[in-house]
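Notes follow once the structure below has been shown.
Basis for what follows: all heavy atoms, side chains included, without hydrogens, waters or symmetry-related copies.
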Amino acid sequence: MKRIALLAAGLALAGTANAAQKLGEVQAQRSPEQVYGAVCGYCHGKNVGPVIRGRALPASAVEYIVRHGQNAMPAFRPTEVSPAELKALAAWVEMSSADPKEKGQ
């Protein structure tokens, strides 16, 4: 009976170690379009937040606001949008054309 308990405890620890390994793995960088669709587009362009595409917003301003938040917009941590993703996203937003389907406040 003790052997079964020890085996079960060992398996539980191995499962925990495996889960911790997965938490620490580096995720592939998403494209700016993917980040916008998954993170930004939920509010921007859907009458929740202002439209940001097609406004030539400076990339540096986009980066600052994403990290620090502004008004009702929360700040996004590097674990949510990596530094590399944010840099690419900010440049993409700055150069983007307006999307006629998007509406904002």
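For Ala75 against Arg67, the heavy-atom pair with the smallest separation is CB-O, 3.0 Å. Shown here for Ala59 and Ala90, the closest heavy-atom pair between the two residues is O-CB, 3.4 Å. Across all non-hydrogen atoms, the minimal contact from Ile52 to Val93 is O-CG1, 3.8 Å. Residues Gln34 and Arg30 share a closest heavy-atom pair of OE1-CA, 3.3 Å.
Between the side chain of Ser96 and the backbone N or O of Arg53 there is no donor-acceptor pair closer than 3.5 Å. Here the side chain of His68 pairs a donor or acceptor atom with the backbone of Tyr64 at under 3.5 angstrom. A donor-acceptor pair is defined here as one N or O able to donate and one able to accept, closer than 3.5 Å; such a pair exists between the side chain of Glu85 and the backbone of Ser82. For Asn71 (side chain) and Met73 (main-chain N/O), no donor-acceptor pair under 3.5 Å exists by modelled atom type. Between the side chain of Lys46 and the backbone N or O of Gly104, no donor-acceptor pair lies under 3.5 Å. Looking only at distances, a side-chain donor or acceptor of His44 sits under 3.5 Å from a matching main-chain atom of Pro50.
Residues that satisfy the salt bridge (Lys or Arg N to Asp or Glu O under 4.0 Å) test with Glu63, not counting sequence neighbours, are absent from this structure. Here Gln29 pairs with nothing under the side-chain hydrogen bond (donor to acceptor under 3.5 Å, both in side chains) rule; sequence neighbours left out. In terms of the side-chain hydrogen bond (donor to acceptor under 3.5 Å, both in side chains) criterion, residue partners of Glu102 (sequence neighbours excluded) are, by chain and number, Tyr36.
A single hydrophobic cluster is seen to contain both Phe76 and Trp92, as judged by linkage of ILVMFWY side chains at heavy-atom distances under 4.5 Å, directly or through other members. Hydrophobic clustering places Leu86 together with Leu57 (ILVMFWY residues linked when any side-chain heavy atoms are closer than 4.5 Å, directly or through intermediates).
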